[in-house]
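Structure, as structure tokens:
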Amino acid sequence: MPELPEVETVRRSLEPVLVGRRILKVDLARPGLRLPFPGHFAHRLQGRTVTALARRAKYLIARLSSGESWLIHLGMTGRFTIIAPNGRPHGLGEFYYETAADAVARGPHDHVAIDLEDGWRLIYTDPRRFGLMDLIAPGAEASHPLLKDLGIEPLGNEMNAQTLAKALRGKKAPLKAALLDQKIIAGLGNIYVCEALFRARLSPIAPAGSLVTRAGGPRLGLERLVGAIRAVLTEALAAGGSTLRDYAGADGAPGRFQQHFDVYDRAGEACTRPGCGGTVERLVQAGRSTFWCPRCQRRGDP
DNA sequence: CGGGACTCCTGCCAGC
DNA sequence: TGCTGGCAGGAGTCCC
């Protein structure tokens, strides 16, 4: 599920439940996820109140009354389920649990259960366990190894053609790979990179540096790319993200943006660009699928 | 150093 | 029907 729009959707779902509430009990079903849980993890969460729930790139950061920050990454398959005090899942759509009693009988991939004040409960589920959780000492967020090298926040003020030109200048890596690199832009994943490249009519195999002029400024294609990234993320966010194989929001409501994909997972289908007449193709780059229309996605300026 | 391959893990689905 | 291989929204680590 989770690229930036999905993580932000989860953040918005969790925020009203989590923020301002005390964590009463944390139950871990295993020693860790992709990384081991930090020492005394449950103990350091219990009794603390969540004062804010922020997002940086694809990370959720829950700030705690102890001054520590609870860092969460959903990996490929991580998700939260919110269980309301009456035992029923909160929100709309389909749910993993029907009652609080079911929630106690946890599934094999429910790794963390969090009991909050007022009878609210969160379950973290992650079949592939590519997610992670950590605790960050007070004041140490900026120097955390997983956060310190993150690049531009793609919906933030820094996201402009000038800044990106500086980051891409001289890069020989394919544009697709550069946009997936979280040290350059932090928050894009495979879906939204494919969709943004399509909208900007840029080739995923062009060298990233080819979008930068000799003098170091952005070519027109890079200007288009900045707009395309902002637009596709904004639209995806408004649709509650994309849901492919599981549930999107922690309130159980699936995202709807997958209905608007132009290229992702559409290999063999007709290009949606009016008058193009091309066909969407699948290509493997660095072990990951790229979906694109070779007919209308070309390198260059304009 | 930059860039690509490999790795972690489980589930699902197309194809035989 | 049942097995197998390939593929999946991520990203750190290794090696050239």
Side-chain angles (χ1 to χ4, degrees), chain A residues 1-11 29-36 55-60 71-80 96 107-111 124-134 144-151 154 167-197 204-210 212 232-233 236-237 239-250 254-261 263-268 282-291:
Chain A
M1 167 179 77
E3 300 181 37
L4 187 153
E6 292 75 32
V7 176
E8 179 61 22
T9 298
V10 170
R11 193 198 68 76
R30 51 181 308 113
L33 301 169
R34 181 158 63 87
L35 301 176
R55 179 191 58 74
R56 171 73 173 108
K58 301 175 197 172
Y59 290 91
L60 293 169
L71 183 69
I72 301 163
H73 195 290
L74 303 174
M76 293 270 257
T77 53
R79 68 175 189 264
F80 280 98
Y96 204 69
H109 305 303
D110 299 345
H111 308 306
Y124 177 77
T125 307
D126 188 353
R128 291 177 75 180
R129 303 204 302 274
F130 286 175
L132 67 88
M133 293 189 189
D134 198 7
H144 189 278
L146 295 170
L147 301 179
K148 67 182 169 60
D149 294 321
L150 288 174
L168 297 181
R169 188 177 192 183
K171 282 223 171 289
K172 290 175 188 148
L175 194 47
K176 167 78 184 311
L179 296 180
L180 280 177
D181 184 347
Q182 304 296 298
K183 292 181 176 63
I184 298 175
I185 300 182
L188 297 180
N190 210 28
I191 292 177
Y192 297 109
V193 166
C194 290
E195 294 296 316
L197 286 172
I205 58 180
S210 68
V212 182
V232 76
L233 293 181
L237 209 39
S242 304
T243 299
L244 299 190
R245 281 162 273 277
D246 45 29
Y247 311 129
R256 302 174 309 278
F257 189 73
Q258 65 277 10
Q259 297 162 17
H260 303 282
F261 290 166
V263 286
Y264 186 82
D265 208 18
R266 294 192 63 239
R282 175 179 173 272
L283 143 86
V284 176
Q285 294 178 283
R288 310 197 62 192
S289 291
T290 298
F291 297 93

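Reminder, nothing fancy here: chain letters follow the sequence lines and each chain counts from 1.
Rounded to whole Å, the separation between the P atoms of dC1(B) and dA11(C) comes to 22 Å. Taking atom P on both nucleotides, dC9(B) is separated from dC14(C) by 16 Å, rounded to a whole Å.
Between D126(A) and L74(A) the shortest heavy-atom distance is OD2-O, 4.0 Å. Of all heavy-atom pairs spanning Q285(A) and I205(A), the tightest one is NE2-CG2, 3.5 Å.
Ring pair F291(A)/Y264(A) is perpendicular by interplanar angle, where above 60° counts as perpendicular and below 30° as parallel. Ring planes of F257(A) and H260(A): tilted class, angle from 30 to 60°. Relative orientation of the H111(A) and Y124(A) rings is tilted, given thresholds of 30° and 60° on the angle between their planes.
For R282(A), the listed nucleotide lying nearest its side chain is dA8(C); candidates were dG10(C), dA8(C), dG3(B).
You'll find the side chain of L4(A) stays beyond 4.5 Å of the side chain of Y192(A), heavy atoms only.
One can place NZ of K58(A) at 6 Å from C1' of dG10(C), the figure rounded to the nearest angstrom. For the pair R79(A) CZ and dG10(C) P, the interatomic distance rounds to 17 Å; values are reported in whole Å. Between the CG atom of L150(A) and the P atom of dG10(C) there is a distance of 14 Å, rounded to whole Å. Computed from coordinates, the L132(A) CG to dA11(C) P distance equals 9 Å when rounded to whole Å. For L35(A) and dA11(C), the CG to C1' distance is 10 Å, given to the nearest whole Å. Atom-to-atom, CG of L71(A) to P of dG10(C) comes out at 17 Å; the value is rounded to the nearest Å. Between the CG atom of L244(A) and the P atom of dC13(B) there is a distance of 13 Å, rounded to whole Å. Atom P of nucleotide dG12(C) and atom CG of L147(A) are separated by 10 Å, given to the nearest angstrom.
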Got a list of protein N/O to nucleotides 14-16 of chain C N/O distances below 3.5 Å?
none

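In this structure, CZ on R79(A) lies 10.5 Å from OG1 on T243(A), to the nearest 0.5 angstrom. Here the CG atom belonging to L168(A) is positioned 7.0 Å from the CD1 atom belonging to I185(A), to the nearest 0.5 angstrom. Taken to the nearest 0.5 Å, the CZ atom of R34(A) stands 5.0 Å off from the CG atom of L132(A). Annotation: the span from Q182(A) atom CD to L146(A) atom CG amounts to 11.5 Å, rounded to 0.5 Å.
Residues passing the side chain to side chain donor-acceptor pair (under 3.5 Å) test with R128(A): none are found, sequence neighbours excluded. For F130(A), the ring pair (Phe, Tyr, Trp, His ring centres under 6.0 Å) test picks out no residue, with sequence neighbours left out.
Here the side chain of R256(A) pairs no donor or acceptor atom with the backbone of Q258(A) at under 3.5 angstrom. Side-chain N or O atoms of E6(A) include one that pairs as donor or acceptor with a backbone N or O of S242(A) at under 3.5 Å.
Sequence order on DNA chain C of the closest nucleotides to V284(A) and R288(A) puts V284(A) first from the 5' end.
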Q) With Watson-Crick and G-U wobble geometry limited to distances under 3.5 Å, how should the secondary structure of DNA chain C be encoded in dot-bracket form, using | for bases paired to another strand and [ ] for crossing pairs? A) .|||||||.|||||||

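Residue contacts for Y59(A): at a heavy-atom cut-off of 4.0 Å it reaches the sugar-phosphate backbone alone, with no base atom in range.
Annotation: proximity of residues 172-189 of chain A to DNA chain C (heavy atom, distance under 4.0 Å) is found for Q182(A), G189(A), numbered in ascending order.
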Q: If a protein heavy atom is under 4.0 Å from the base, mark B; if only from the sugar-phosphate, S; if neither, -; do that for nucleotides 5-11 of chain B going 5' to 3'.
A: S--BBBS

